Structures are given as C-alpha cells and as structure tokens.
Amino acid sequence: MAKITLSAIAKKAKVSVASVSRVLRTPNMTSSQTQSVVYQAMKALNVDLSENLKDYQLDHTSNRILIIDNQLISKSLINYGIEQALYEVKLQFCYLQFSYQDDSDIYHLVHYITQNRFIGILIINQAPYLENLYSYKKSLPPMVFVNHYKHNFSCVYFDHLTIGFKTTQQLIKKGNQRIAIFVNSDKSINSSFFLQGYQQSFQRYNLPIDSDYIIQGCLTYEHGRDAIKTLLNSNKPPTAIIFEDLSSLSFFDSDSYHAQNYLSCYRSLFGALHQVNESQSNQLKSMSIAYISHSNEYQYNELDKLNRINKPLYEMGNKSVHLLCDLLKQNMTSLARCHIIETEAFFIN
C-alpha cells in the first residue's frame with residue numbers, strides 16, 4: 001500500500017499540512033481539537049501513528065508523573081506507597097483511569113501524555129491496551145509497570161507462582177492433602193500463576209490434584225459462603241483452604257463487577273469464615289486457612305487467627321517510584337529492569 005502523506009492527512013482532516021506536522025511532532029503546540037481531527041483522519045486512512053511520532057526527549061522543565069491506575073479497588077496501599085515516594089523526591093503526579101474501548105483509543109492516550117509533558121509513567125495492574133504500548137515505546141517517557149510483569153519494560157511485581165507453591169507446600173508439610181484453593185479468575189495472569197504454583201506443589205509431593213478443590217471466580221461474600229458449604233457437605237471435605245487476594249484485579253475485568261468487590265479484598269474470605277463458624281462438624285476444628293494479606297499488623301478480627309502471606313503493597317509502590325527515578329537519571333527509555341517484591345509468611349496452624 002502506498003505511503004500516506006502529510007498532505008493526504010491534512011486534506012482528510014481539513015487542516016493545513018503544518019498543523020498535521022505539529023500534531024505529530026510537537027503536540028504540546030496544538031489544540032486538543034486539532035489533534036482530535038488529525039487522529040480521526042489518520043484512523044480513517046489506516047495510518048499507523050506509532051511510525052509518525054518522533055523519539056522521546058526528556059523535558060527538563062517538567063516534573064510531572066502520570067499514574068495510570070487500572071486497579072479494581074483504587075487507593076490501595078500501592079497508591080499510598082507511590083504518593084509518599086513521589087512526595088519525597090518532589091515530583092508532581094496526576095492520575096488517569098483510561099477507559100479503553102478499541103485500538104484507536106491508544107492515540108488519545110499517547111497525545112494526552114505528550115500534550116501534558118509527563119516525564120515518567122507508572123501503570124498499576126493489567127489492562128487490554130498494554131500490548132499496544134510497545135509500538136509507541138520510543139516516543140513515550142520511561143514507564144514502570146506496577147503489580148504485573150511486562151516483557152521489554154521495567155516492572156515491579158510479585159512472583160505469584162512461587163507464592164502459590166510455597167503456601168501449598170507449607171500446608172502439605174503440616175499434614176494436609178485435601179487443600180482447596182480460591183482464585184480470582186481464569187483470565188487473570190497472576191491468578192493463573194498462583195494456581196500453577198498450587199498444582200506444582202502437589203506434583204512435587206506426588207499427590208493427585210482434585211479439580212473439585214479449585215474454585216474459580218469467587219469474589220463475593222455469598223459465593224465464598226456457598227462454595228465452602230458445598231465443599232464441607234461433600235464426601236471429601238478439605239482440611240485446608242487457600243484464598244487469593246483481589247489486589248491484581250483490573251476494572252476491565254467484567255467478571256469482577258459487583259458492588260461488594262469495591263469494598264474489601266476479603267469479602268469472599270469472610271463469607272467462607274461465616275460458613276465455617278456456622279458448621280458444627282468436629283472436623284472443622286483442625287481446618288487450616290491461609291490467605292494473602294497486605295499488612296503484617298494485626299487486624300483485630302478473625303483474620304488474626306489465620307495463616308497469612310503478606311504482600312507488602314506499600315513497599316511495591318515505593319519501589320516503583322525509585323525504579324522510575326533511576327530510569328530518569330540515566331535518561332534511557334529502553335532500559336528494562338524487573339524487581340520482584342518478596343512476601344512474608346505467617347503460619348499459625
């Protein structure tokens with residue numbers, strides 16, 4: 001296909017060639033309206049915007065960081081860790097929840113970033129548009145992906161496979177062979193790794209994996225209570241249960257849309273505890289429950305009696321800012337670094 005010229009784009013957008021050039025090269029010198037009509041014209045002409053943008057150059061007059069927050073539960077400890085670290089290094093920040101619909105929307109994100117002269121970007125949790133960002137990497141400021149791994153980018157994340165493996169291994173060592181696991185979604189990458197760790201631990205000990213013990217998409221209080229009731233009433237009730245947390249869920253996950261899910265990371269766990277406490281079976285006295293927590297401090301409720309694996313989300317937020325600052329100091333947008341945040345286990349029974 002013949003290359004689309006600036007003149008053709010200008011004609012389609014009904015603006016001057018100079019205006020098209022400024023939108024592509026110096027968007028901060030053009031109005032949002034002009035950018036919009038140029039992007040619409042490019043979309044109509046099937047022009048690849050990523051091939052028409054100039055390479056990123058650090059703007060030493062700006063100190064603004066963009067935080068793109070894709071979390072289901074916003075204002076988590078990740079946010080507080082990020083904000084505290086940005087305050088300490090005297091960087092301003094702006095939040096964006098990008099309501100991506102299709103691939104063409106990525107143009108608007110790119111122009112928003114360049115228009116506002118952000119010098120760095122932090123992206124919390126997975127989102128469907130992230131695959132497209134690699135095409136624009138050379139034209140965008142340094143980016144750090146928070147709470148998930150992204151190939152060819154700098155990222156700060158938890159090793160969910162190891163978390164799932166070690167948690168299950170610890171319960172097996174304590175004599176449990178019937179272990180149920182509650183994972184958020186079969187579509188979540190982190191949930192998938194968490195489940196793989198659980199399965200690998202069983203394989204390591206040459207134990208059979210029972211699919212009846214794998215509960216997918218359990219996010220609400222009612223679901224947690226009903227699932228536990230079904231398990232306990234079966235002819236092979238579990239002796240231990242593992243609960244994943246909701247910190248990796250994205251607001252793009254349609255399966256997560258429920259009013260309860262925006263209130264607490266432990267809704268399904270509390271539902272399960274309700275059912276366990278309501279049951280009168282003697283077998284329940286020896287049941288071991290492990291869950292993913294976000295603090296090593298006491299909750300002063302039933303959670304304090306459970307085994308927990310602490311994911312230090314606040315530390316993750318802090319680390320992501322320091323990693324971004326390292327990238328800015330070296331002025332190397334292609335530098336790729338990955339940092340795994342370690343968890344801490346507290347097993348009571």
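Every heavy atom of this structure was used, including side-chain atoms; hydrogens, water molecules and symmetry mates were not. Everything quoted here is computed from the prediction, not taken from an experiment.
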Check whether the side chains of Ser76 and Gln71 place a donor and an acceptor atom closer than 3.5 Å, and report yes or no. yes
Would you mind reporting whether Leu66 and Tyr112 have side-chain heavy atoms less than 4.5 Å apart? yes
Show the nearest heavy-atom pair for residues Ile341 and Phe158, with the distance to one decimal. O-CD2, 3.2 Å
Looking at side-chain heavy atoms only, is the closest gap between Tyr136 and Ile106 below 4.5 Å? yes
Show your working on side chain to side chain donor-acceptor pair (under 3.5 Å) between Glu244 and Ser191 and close with a plain yes or no. CA-CA 8 Å; Glu244 186 185 9; Ser191 293; 3.0 Å; yes
Do Asn116 and Cys94 have side chains that get closer than 4.5 Å, going by heavy atoms? no
Does any donor atom in the side chain of Tyr149 or Asn190 lie under 3.5 Å from an acceptor atom in the other side chain? no
Check whether any side-chain N or O of Arg178 sits under 3.5 Å from a backbone N or O of Ala240 as a donor-acceptor pair, and report yes or no. no
Whether the Asp245 and Ser247 side chains hold a donor-acceptor pair (N or O, under 3.5 Å, no angle test) is what I'd like checked. yes
Test side-chain contact (heavy atoms from CB on, under 4.5 Å) on Ser320 and Ile82; report intermediate values, then the result. CA-CA 7 Å; Ser320 65; Ile82 288 173; 3.7 Å; yes
Donor-acceptor pair between Arg225 and Ser268 side chains, under 3.5 angstrom: no
For His274 and Tyr221, test the side chains for any donor-to-acceptor distance below 3.5 angstrom and give the result as yes or no. yes
Is the backbone N or O of Val17 less than 3.5 Å from a side-chain atom of Ser21, with the two atoms forming a donor-acceptor pair by type? no
For Glu88 and Gln84, does a side-chain donor sit closer than 3.5 Å to a side-chain acceptor? yes
May I ask you to check whether over 12 heavy atoms, not counting those of Lys75, lie within 6.0 Å of atom NZ? yes
Is it true that Asp210 and Lys236 have a side-chain N and a carboxylate O under 4.0 angstrom from each other? yes
If hydrophobic clusters are built from ILVMFWY residues whose side chains come within less than 4.5 Å, do Leu313 and Phe346 share one? no
What I'd like to find out is whether the side chain of Asp159 reaches to under 4.5 Å of the side chain of Phe194, using heavy atoms alone. no
If every non-hydrogen atom of Leu269 is compared with every non-hydrogen atom of Ile289, which pair is closest and at what distance? CD1-CG2, 4.2 Å
Determine, stepwise, if the pair Asn176 / Ser288 fulfils side chain to side chain donor-acceptor pair (under 3.5 Å). CA-CA 9 Å; Asn176 297 287; Ser288 184; 4.8 Å; no
Is there side-chain contact between Ile228 and Ile241, with at least one heavy-atom pair below 4.5 Å? yes
Run the salt-bridge test on Glu131 and Lys150 with the 4.0 Å N-O cut-off and return the result as yes or no. yes
Working note: Val38 + Ser19, criterion side-chain contact (heavy atoms from CB on, under 4.5 Å); need CA distance, chi angles, decisive distance, verdict. CA-CA 9 Å; Val38 169; Ser19 293; 5.6 Å; no
Let's go through Asn147 and Gln126 carefully: what are the C-alpha distance in whole Å and the side-chain angles of both, what is the deciding distance for side chain to side chain donor-acceptor pair (under 3.5 Å) to 0.1 Å, and is it a yes or a no? CA-CA 8 Å; Asn147 204 25; Gln126 284 280 356; over 6 Å; no
Can Phe98 and Ile123 be said to form a side-chain contact (heavy atoms from CB on, under 4.5 Å), step by step? CA-CA 11 Å; Phe98 181 51; Ile123 303 179; over 6 Å; no
Would the distance check show the side chain of Thr168 and the main-chain N or O of Gly164 forming a donor-acceptor pair, the cut-off being under 3.5 Å? yes
Can you list the steps and then say if Val37 with Val15 is a side-chain contact (heavy atoms from CB on, under 4.5 Å)? CA-CA 9 Å; Val37 295; Val15 298; 4.1 Å; yes
Using only heavy-atom distances, determine whether the side chains of Tyr95 and Glu83 contain a donor-acceptor pair under 3.5 Å. yes
State whether Arg308 and Glu344 are salt-bridged, where the test is any N-O pair (Lys NZ or Arg NE/NH1/NH2 against Asp/Glu carboxylate O) under 4.0 Å. no
Evaluate the side-chain proximity of Leu109 to Ile68: yes if any heavy-atom separation is below 4.5 Å, no if none is. yes
Decide yes or no for Ile65 and Leu86: does some side-chain heavy atom of the first lie under 4.5 Å from some side-chain heavy atom of the second? yes
With a 6.0 Å cut-off on the ring centroids, do Tyr198 and Phe165 count as close? no
Judged by modelled atom types alone, do Tyr129 and Asn70 share a side-chain donor-acceptor pair under 3.5 Å? yes
Please identify each residue that fulfils salt bridge (Lys or Arg N to Asp or Glu O under 4.0 Å) with Asp304, with sequence neighbours left out. none
For a quick test of reading the model, state the closest non-hydrogen atom pair linking Met316 to Tyr157 and the distance between them. CE-CA, 3.6 Å
Can you confirm whether Leu133 sits close enough to Met143 that some side-chain heavy atom of one is under 4.5 Å from a side-chain heavy atom of the other? yes
Just by modelled atom types, is the Asn152 backbone N or O under 3.5 Å from a matching donor or acceptor in the Lys137 side chain? yes
Less than 6.0 Å separating the ring centroids of Tyr80 and Tyr314? no
Can you give me the closest heavy-atom contact between His148 and Asn125, atom names plus distance? CE1-O, 3.1 Å
